[in-house]
Every structure is written in structure tokens, then in C-alpha cells.
Amino acid sequence: MSVKFKPSRILFVASIVFYVFIVLGILLTVVLNSLSKGWFSGVLPPYLTTEWYAYAANDHDIPSLLGVTFTVVIADVLISLLIAFPAAYVLARHEFKGKALLLSAFLLPMIVPPMTYGLPLAMLAYKVHIAARVIGVVIVNLVPIVPFMVLVLLPFIEQVGTNLESAAKMLGANRWTIFRRVLVPLTVPGILTASILSLVKAISMFDLTYLVAGGNSQTIVVALYADAYAAGARPPQAVDALAVLYFLIAMTCLIIALKFVSPTQMVFKLK
Amino acid sequence: MKDFKKISVRNMTKRFGEKIAVNDFSLEFGKGEFVTFLGPSGCGKSTALNCITGLIPITGGEIWIDDECIDDSKNKVSPEKREFGMVFQNYALFPHLSVRENVAFGLKLRHIRHAEIAQRVEAALKLVHLDGYGSKFPSQMSGGEQQRVAIARCIVLEPRLLLLDEPLSNLDAKLRVELRYELKALHERLKVTTIYVTHDQTEALALSDRIVVLRLGRIQQVGTPSEVFSDPSNLFVADFMGFKNMWTAKVESLSAKGERLEATLDAQGLKLVASLAWPEGDSRRAVIEEAHRTGQPMRTAVRPEDISLAPRGSHNSFECAASIVEYQGQASQVSATVTATAGPGLEALRVDLRSGTLISEGEVFSASIPPEKLLLFPATESAAEASRWTP
Amino acid sequence: MRGAAGRGIVPLLIPALIFLVLLFLYPFAYGLFLSFTSAKGQFTFGNYLRFFSDARDFRTILVTLQISVPVTLFNVALAVPFAYYMRRGIKGERIITFFLIVPITLGTVLISEGMLTFMGPAGWFNQLLMALHIVKDPFQFTHNYLGVVISLALQGFPYAFLMLLGYVSGINPDLEKASQMLGANKWQTFWKILFPLMVPGIAIAFSLNFVMAFSVFPSAVLLGQPSGPTRVIAIAAYQWAFEKFNFNAASAISMVMAAIELIVISVVLVWRNRMYKGATMVGKG
Ligand SMILES: Nc1ncnc2c1ncn2[C@@H]1O[C@H](COP(=O)(O)OP(=O)(O)OP(=O)(O)O)[C@@H](O)[C@H]1O
Ligand SMILES: [Mg+2]
């Protein structure tokens with residue numbers, strides 16, 4: 001088939017190329033910078049080194065950072081699932097007064113700036129002595145993730161028709177059995193999607209973590225941001241090395257996520 | 001609107017990658033004709049329709065309106081300039097526009113004066129018995145009402161060709177019959193050239209001037225409803241038109257007696273003695289003579305209602321045991337096995353017939369098969385191919 | 001209509017309600033309370049009065065709007081044609097969408113660090129621009145308004161695009177065909193059919209993108225001039241909280257932020273309802 005050079009096509013391809021150029025340019029400079037020394041001018045750095053990764057490893061307790069990050073993220077996803085699934089189930093199956101209100105209440109944490117509730121929440125966390133501890137970070141990060149999970153799960157549960165549940169009931173299954181043996185297996189795709197999307201979201205969650213994290217409860221985003229904010233205290237290449245590490249983790253999660261979900265599901269579901 | 005005498009589709013082909021959805025499709029539509037595309041799901045009906053409208057590009061062939069070529073598979077007149085109208089299977093009403101705005105949509109694009117638009121919209125809505133519905137929105141209407149809005153939206157533009165893609169398939173049985181009747185009445189009144197797509201045999205027979213039977217993207221037969229109904233051109237069409245009892249039969253003996261043929265057939269063990277009034281030149285005569293000459297088996301088909309209950313021992317009658325009886329009101333559909341042919345290891349011959357008398361399951365009775373009602377097809381339509389669509 | 005599962009399942013909402021009240025509503029209310037309280041614990045409007053009368057703080061609203069509104073408009077306005085173009089799938093769609101969402105994984109810090117180098121005076125981007133004779137001297141892309149805007153665009157566009165792509169591909173393709181059959185060309189079909197049907201999606205994409213841009217913080221610090229031209233409202237709140245340890249003042253600023261976001265979102269929703277009068281979805285019949 002002949003390729004037609006329509007103006008719209010040219011415009012589209014040109015913008016994609018430009019966009020990819022910028023994104024890759026940014027990514028590559030950071031990667032190269034983290035591997036180089038004395039790169040002040042010129043197209044490419046004079047020589048490469050891994051010394052900044054060693055520096056970053058020296059500077060931070062990397063295993064602890066990674067450990068905390070994954071503990072927080074996985075704990076958040078599991079806890080949110082336990083809270084969000086039953087709620088989404090009720091919202092999908094039951095009509096009641098104030099349902100619309102409840103749904104908007106769930107939307108609210110995703111709309112208002114984290115500062116508004118994050119600050120008091122952090123203060124509360126300090127009061128009950130869970131701040132600067134992993135558990136505090138886990139709890140605080142639940143706030144945006146649970147609503148997100150509810151909203152992603154909702155359409156998946158709605159998709160599973162009620163007649164399957166009725167059929168199970170006719171066969172004498174009690175409610176708990178239905179939940180466990182019929183509903184949960186049928187919504188596995190939804191549970192997977194919601195979990196992975198929440199995972200990707202949780203990894204990048206900075207604001208709230210920053211307010212309560214400290215000492216040994218830092219996640220990698222927070223450490224990274226603290227380094228970047230305190231520019232001058234460290235060579236920028238060391239910050240870049242940590243940024244590359246963060247990117248690799250996030251990218252791995254994204255690639256795994258893309259195995260299970262389509263890109264359009266990566267963001268908040270619209271319908 | 002430009003008038004025309006005929007629209008011709010010549011050797012139209014549509015490929016989706018490897019798959020050929022429409023294959024070498026040629027047909028002429030005369031002005032005012034009502035033509036139906038009939039065929040099972042996936043046979044290419046919608047694709048053919050979309051190709052004719054220009055909504056999807058064709059891979060090969062041409063489309064002409066009188067002596068103007070509107071599509072030669074390289075260049076085409078774009079769909080919005082063809083002045084065709086289409087009613088989609090799901091109606092495709094614009095959900096954000098009211099009924100009136102939906103119907104006025106095409107008129108507004110043509111820069112017609114407001115007063116005239118209003119008047120034509122009202123007239124169109126009246127035609128489909130929807131006067132007073134103008135300010136409703138599509139989501140507030142029933143399926144039948146939505147369908148009529150879709151039709152009004154098309155006919156208000158007085159299209160040269162009206163295309164309907166299974167417009168009744170979403171409706172319940174009663175509404176389907178009613179709207180079918182209204183469609184027919186509408187066509188009688190407007191005389192607009194129409195192509196109608198369906199997989200429902202009854203709809204096709206009731207509405208059409210001509211029926212086009214499709215299978216795997218190819219035209220199988222084109223004819224008037226009665227031609228297609230009583231003289232299907234192959235087993236596939238026969239099956240679609242309600243023929244059952246597809247057996248393999250051999251010609252044991254054949255002799256001509258003037259205009260008549262005396263034949264003995266062996267249909268999977270069932271012996272039929274026939275005296276057939278098939279004159280020279282009849283296609284069935286050619287088939288049976290060819291089968292006799294080569295010794296090849298033929299395929300037969302006969303309608304269930306042509307097989308009757310008969311006294312034991314009468315001409316061409318066989319003892320059967322009823323296995324499944326479906327009561328259908330005026331008659332029962334009976335599936336039975338011919339007891340005589342059920343030898344050990346041999347597949348029993350199944351007979352499908354329709355009976356006014358009540359037969360109970362397991363009952364043994366005698367059925368007579370009139371050989372002159374048999375359709376005969378050469379066996380080249382291999383059994384393997386046939387089994388892809390026989391139930 | 002009552003749900004099929006009956007009333008018995010309502011208790012399943014309890015964990016979520018506890019969560020909502022304890023971790024969101026209560027802190028939010030506490031924040032609201034703090035914002036109306038003086039350091040000595042008395043009721044006061046002082047925190048708000050102080051914010052609105054302090055020219056330096058009050059200016060942050062304008063500064064933040066000047067950054068977030070153009071960025072959001074840009075992201076959405078660009079996402080609409082992209083989503084439209086890709087609505088029925090195109091060649092190389094997977095790889096294109098992949099590149100479009102890569103920025104999500106880069107993180108603010110990497111984007112900032114990368115921009116500082118890549119778009120810096122000696123960076124590749126300026127070198128290319130100079131080689132192409134588009135500019136004579138290195139163009140200043142960072143440590144200013146433009147830097148913050150570019151960074152927010154890179155981070156926000158993927159979300160806007162993916163949302164709208166998901167939304168547009170959900171619109172029944174027959175509607176487009178129907179419009180074409182009625183005589184509309186591509187342009188008319190877009191403006192009369194697709195765009196009005198995309199309005200709800202655009203509204204949500206705009207709102208979420210705006211929220212993200214309006215509460216911008218790290219990018220404004222790392223890529224802008226946080227002491228002046230890009231001193232956004234979040235920086236003001238942060239400084240009151242963690243540099244002056246005045247949580248009452250900080251809470252008041254947060255509440256102002258929330259109020260502005262809700263106002264903008266309401267305006268968008270009003271626009272949406274104006275544009276999209278029809279009932280929600282076309283019934284199947
Ligand atoms: N865009 C497409 N890409 C690939 N194959 C297609 C496409 N559209 C249709 N086909 C294939 O072409 C064949 C014909 O499809 P078509 O929709 O025309 O069938 P149909 O006769 O209208 O069926 P139905 O009665 O179910 O509507 C089918 O096998 C279908 O899978
Ligand atoms: Mg079809």
C-alpha cells in the first residue's frame with residue numbers, strides 16, 4: 001500500500017519525533033551524566049566512570065531505601081485492596097441513599113491538594129508516634145491509593161453480572177462462599193489491574209511520604225528529592241545516579257504493568 | 001438530488017489482510033428496488049454494505065451510478081458526497097442531540113433555510129409516526145422509536161440509496177414484525193432504492209424484491225424471494241431456506257420415458273423409486289444424469305413439510321422411530337430415525353419432518369418421501385465443506 | 001431499584017468509611033480548624049487575612065495560576081488531536097503509547113535534573129538549536145518560568161493523552177460513520193459529533209491535570225526561581241510549615257489552594273454541562 005503524505009500525518013509524526021527526542025534527551029543526559037566525569041561542554045562526556053553509583057551507595061543505605069520502598073508500596077497495595085474491594089462491591093451492587101455523596105467523598109482525596117490533609121495528618125502521626133516509622137509512611141500513603149483502587153475496581157465488579165451470584169446462591173452457597181469462590185476469582189483481572197496501577201502510583205508518591213518520613217523510614221523518592229533539594233551538598237552526578245536507580249525501578253514496574261493492562265488503563269478510569 | 005437509473009457494483013472485493021471479507025461481488029440495483037443481503041453471521045454483509053457506501057475502501061472492483069464511476073478501488077467519491085443514507089444496526093443516533101437535531105443534522109450541513117429545515121424535519125418525523133417526539137433525547141426512547149428516528153434522519157435527505165444494516169435485530173419478536181411491516185409500507189410510499197441486510201430468512205422473504213444470498217464473502221444466489229425459496233442454487237442456500245434432510249444418494253437405475261425420468265435412488269440405504277417430470281434442460285435432470293453416468297453420489301435436500309405420514313407399505317414410505325418431537329403449534333417438528341436402515345455399525349438415517357398429528361417420542365410410524373420434491377446437488381460440494389454450516 | 005445482593009452487604013463499607021473518616025475527613029477538618037485558629041488556640045480569621053494582605057504570599061496565587069492554567073490548556077489541547085488521531089489504532093501504536101507514558105516513570109527529579117543539563121546552556125538541545133541556526137546564543141530554558149512549564153507539560157501530557165485516548169476509543173465508531181453518511185466532512189464530524197461527546201472526558205482530564213499543575217512544588221523549586229517568579233502557592237505553604245513552623249498559617253494557605261482548585265473544577269463542570277446537554281449514553285434499544 002502506498003503511504004499517503006497527508007498534512008495531519010506529517011504533523012503527527014513530527015510532533016511524536018520531537019516529543020521522543022526531548023524525553024530521550026532528558027533521560028540520556030541523566031544516564032550519561034551519572035556515568036561521567038568532567039562533562040562541562042561538548043556533545044559527549046570525556047570519559048565514563050561508575051564512581052557516582054559507588055558514591056550514592058556510600059551516601060545512602062541503598063538496601064534500606066529499597067527495602068522500605070518495597071515494603072511500603074506492597075503493604076499499601078494489599079491494605080488498600082482489603083479496604084477497597086468490599087467497598088467497591090457494595091457500591092457496584094447496592095443502591096442506597098447517599099451513594100453519589102459517598103462516591104464524591106471517595107473522589108475528594110484525589111482532587112484536593114495533599115497539603116490540606118497531609119499536614120494535619122503528619123501532625124497527628126507525630127502525636128501518636130508513628131511518624132518517622134515505616135508504619136506511618138504506609139498509613140499516610142493509603143489516603144490517595146484507597147480511593148484510586150475503589151474507582152478502578154468498580155467497573156470490573158459491575159461487569160460480573162449478578163446472575164452468577166444468584167446462580168451460586170441457588171446452589172446453596174452462603175454469602176462468604178460466594179464472595180470467595182465466585183466473585184473474587186471472576187474479578188481477578190480487575191484486582192490485578194487495580195493492584196498494579198496502585199503500585200505504579202505508590203512508587204512515585206512523594207508529598208505525603210515526605211511529610212512523615214524520616215531516618216530509617218525514607219523511601220527512594222524522598223531520599224532522591226532530599227538530595228536534589230539540597231543541591232550543592234552533593235555532586236549532581238550522584239543525584240543523577242540515584243535518579244537513574246529510581247527510574248529503573250519505576251520502569252520495571254511499568255513494563256510489568258503493561259503486560260497486564262492497556263496503557264489507557266494506566267490513568268484514572270473515565271467511565 | 002441527482003436521479004439515476006441503476007447502480008452497478010462490479011467485481012467488488014474487500015480484503016482485511018489475508019482475510020477476504022467480500023469476494024468478487026457483482027450486482028445491479030434498479031431504481032426503487034428493495035434488495036436484501038442474506039447470510040449467516042460473518043459472511044460479509046456489513047462489509048459489503050460499508051464498501052458500497054464508501055465508508056471503507058474497497059480492495060478491488062468498481063462501483064458505478066449509471067455511467068459515473070464513484071469508486072474504482074483507487075479513487076473514490078467520499079461517502080458524504082454519494083447522497084446515500086444508512087441506518088446502522090445500533091442506529092448510531094447522536095446521544096448529545098435531541099431527536100429534532102438528529103433529524104436536522106444533515107439538512108443543516110446543506111445550508112437549507114431554517115423554516116424549510118423545521119418543516120422537513122416535522123414531515124419526516126410524521127412519516128415514521130414520531131410527531132411530538134422532537135425534543136426527546138435518544139436515551140429516553142425505546143429501541144423501536146430509536147430505529148424510526150434513524151430512518152427519519154436518513155429519508156429526510158431523500159437519499160439516492162437507502163442502506164439498512166440489520167435494523168430489526170435488536171428488537172423483540174413482536175416489534176420486529178410490526179416494524180418490518182412499517183418498513184415495507186414506507187418503501188411502497190417512497191419507492192427509494194433500498195439495500196437491506198439481515199440474517200433472518202423470514203424478513204428477507206417478506207420485504208424483498210430480490211434476495212442476495214452470501215456465504216464467506218461470495219454471492220451464492222440472486223433471485224426473487226420465491227426463486228430463492230423454492231429453487232435454491234446450492235445446498236448452502238437450501239439449508240438457509242429451511243431445507244433439511246441432507247443425505248447422500250446414489251442413482252441405482254435411470255431411464256427416460258419421454259418427458260419423464262424413471263429413477264431408483266439409494267439414499268444412505270433408503271430406496272426411493274421415482275417418476276420425475278423433469279423435462280430436457282432442467283438442471284436437476286442434468287445432475288441426476290451426470291451422477292448416473294459417473295456413479296458418483298449426489299446430495300439431496302427436502303423440506304420437512306414435504307415429508308408426510310403415510311399408511312404402512314405405501315409408495316416410498318419407510319418405518320421410522322420418533323426420537324425428538326418439538327411441538328410448534330400448528331405442527332410438530334419431528335426428528336426420527338429410519339428403523340430399517342439402522343444396521344449394526346451403520347449410522348441411522350435421520351429424517352426431519354413436520355406433522356399435524358401428534359406423535360409421541362419413541363413412537364413408530366410410517367413416513368413417505370415424495371422424490372419429486374427432492375433437491376439434487378452434485379456431490380462436489382463436499383460433505384466436509386457442508387458441515388461447516390449445516391447444523 | 002434495590003441491588004441484587006440485598007442490604008446485608010452494607011457492613012462491607014465499614015472499613016472504607018473508617019478509612020475515609022479517620023485518614024481523610026478528620027485530618028482535613030483538623031486542617032480547616034487549624035486554619036481558623038491562632039497560635040494560642042483561639043478562633044481567628046487572622047491566618048487568612050494575613051495571607052491575603054501579604055503581597056508576597058498573595059501573589060503566589062497569580063503566579064501559580066499563570067503556570068498551571070496555560071500548562072493544563074496546552075496539555076489538553078494537544079492531547080485532544082493526538083487522541084483523535086489514534087482513536088482507531090495506528091501503526092506502531094504500542095511503541096508510541098509506550099514513549100508517551102515513559103515520563104510517568106522518570107519522576108520529577110530525573111526530569112528536572114535532565115532538563116537542567118539537556119536544556120542547559122551547554123546541553124544537547126541548545127547545541128542542536130544553534131547548529132540549526134534557530135538561535136545564536138544558548139536559549140535560557142531553565143531556572144525560569146519556562147522551565148517549570150516545560151517540566152509540567154512533560155509530566156502532565158501523558159495523563160491527559162491516555163485519559164482522552166481511553167475516552168475517545170470508547171465512543172461508538174458508528175456515530176462518526178453516521179455523521180459522514182449524512183454529509184458531514186471530517187472537520188464537521190469532529191466539531192459537531194466527536195468533540196461534544198469528548199467534552200466529559202476533556203473536563204475530567206482538564207480537572208486532574210489542573211490539580212496536578214496547581215499543586216506543583218518540586219518542579220518549581222528545582223527548575224524555576226523559587227524565591228521570585230516561580231514562587232508558587234505550595235512553596236508558600238511549605239515555608240510557613242517547615243521553615244517558620246506556623247502550621248496554622250500553612251493550613252490556611254492549603255485551604256486557599258483547595259478552594260481555588262474546587263472553584264476551577266466547578267467552572268469546568270459548568271462548562272461541561274453547558275456543552276453536553278444530552279442524557280448520558282445512547283441506549284442500545
Ligand atoms: N476491520 C476488520 N478487520 C478484519 N476483519 C474484519 C474486519 N471487519 C470485518 N472483518 C471480517 O470480515 C468478515 C465479514 O464481516 P462482516 O461484519 O461483514 O460480517 P456480517 O455478515 O455483517 O456479520 P453479522 O451478521 O454478524 O453482522 C468477518 O469474518 C469479520 O471477522
Ligand atoms: Mg454485520
Side-chain angles (χ1 to χ4, degrees), chain B residues 46 49-50 53-56 78-99 101-111 136-147 149-150 153-154 156-157 159 161-163 165 167-172 175, chain C residues 1 80 83-84 87-94 164 167-205 268-285:
Chain B
S46 301
L49 213 59
N50 279 292
T53 58
L55 285 171
I56 56 179
S78 61
E80 66 266 24
K81 302 212 180 85
R82 292 189 185 186
E83 298 179 48
F84 293 173
M86 177 145 165
V87 174
F88 292 80
Q89 182 164 353
N90 51 26
Y91 313 137
L93 298 181
F94 306 131
H96 59 300
L97 301 180
S98 68
V99 167
E101 289 166 326
N102 261 286
V103 178
F105 187 85
L107 293 172
K108 280 187 186 154
L109 290 171
R110 284 164 179 71
H111 303 293
K136 281 203 174 192
F137 280 92
S139 58
Q140 301 164 328
M141 307 183 88
S142 76
E145 289 163 348
Q146 288 186 27
Q147 186 222 24
V149 177
R153 190 173 68 175
C154 278
V156 76
L157 299 173
L161 179 65
L162 180 62
L163 305 111
D165 193 352
L168 305 180
S169 63
N170 282 338
L171 308 174
D172 66 57
L175 199 55
Chain C
M1 197 192 73
V80 169
Y84 171 76
R87 71 199 181 285
R88 300 278 160 268
I90 55 164
K91 244 192 238 158
E93 180 179 347
R94 277 194 81 83
L164 285 177
Y167 198 80
V168 175
S169 40
I171 295 176
N172 179 0
D174 281 349
L175 294 180
E176 243 176 283
K177 289 189 187 169
S179 151
Q180 216 180 341
M181 289 301 295
L182 293 170
N185 59 31
K186 286 247 151 66
W187 186 250
Q188 290 165 324
T189 300
F190 177 79
W191 283 111
K192 287 176 191 286
I193 305 299
L194 279 176
F195 185 76
L197 291 176
M198 279 168 82
V199 160
I202 293 176
I204 297 186
V268 170
L269 291 184
V270 167
W271 169 75
R272 182 208 112 123
N273 289 344
R274 283 234 173 143
M275 288 293 294
Y276 192 79
K277 280 175 292 192
T280 44
M281 274 207 325
V282 67
K284 267 188 84 186

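Just so it is clear: chains get the letters A, B, ... in the order the sequence lines come, proteins before strands, and each one is counted from 1.
Here the shortest heavy-atom pairing between C:Leu182 and B:Leu109 reads O-CD1, 4.1 Å. When every heavy atom of C:Ala184 is checked against every heavy atom of B:Phe105, the shortest pair comes out as CB-CE2, 4.1 Å. When all heavy atoms are compared, the tightest approach of B:Leu163 to C:Met181 is CD1-CE, 4.4 Å. Minimum heavy-atom separation, C:Leu175 to B:Leu93: CD2-O, 3.1 Å.
For the atom pair C:Lys192 NZ and B:Glu101 CD, the distance stands at 10.5 Å (nearest 0.5 Å). From C:Asp174, atom CG reaches atom CG of B:Leu55 across 9.0 Å, with rounding to the nearest 0.5 Å. For the atom pair C:Leu197 CG and B:Phe94 CZ, the distance stands at 9.0 Å (nearest 0.5 Å).
Neither the backbone nor the side chain of C:Thr189 comes within contact range of chain B; no heavy atom of the residue lies under 4.5 Å from a heavy atom of that chain. For C:Gln180, the parts sitting under 4.5 Å from any heavy atom of chain B are the backbone and the side chain alike. If you measure heavy-atom distances from B:Arg110 to chain C, the contacts under 4.5 Å come from the side chain alone. Only the side chain of B:Phe88 comes within less than 4.5 Å of a heavy atom in chain C; its backbone stays farther off.
Within 6.0 Å of the NZ atom in C:Lys186, the count of heavy atoms belonging to other residues, nucleotides or ligands does not exceed 12.
A heavy-atom distance below 4.5 Å is found between the side chains of C:Ile193 and B:His96.
Options B:Gly106, B:Pro79, B:Ser78, B:Ala150 differ in how many heavy-atom pairs under 4.5 Å they form with chain C, and the most are formed by B:Pro79.
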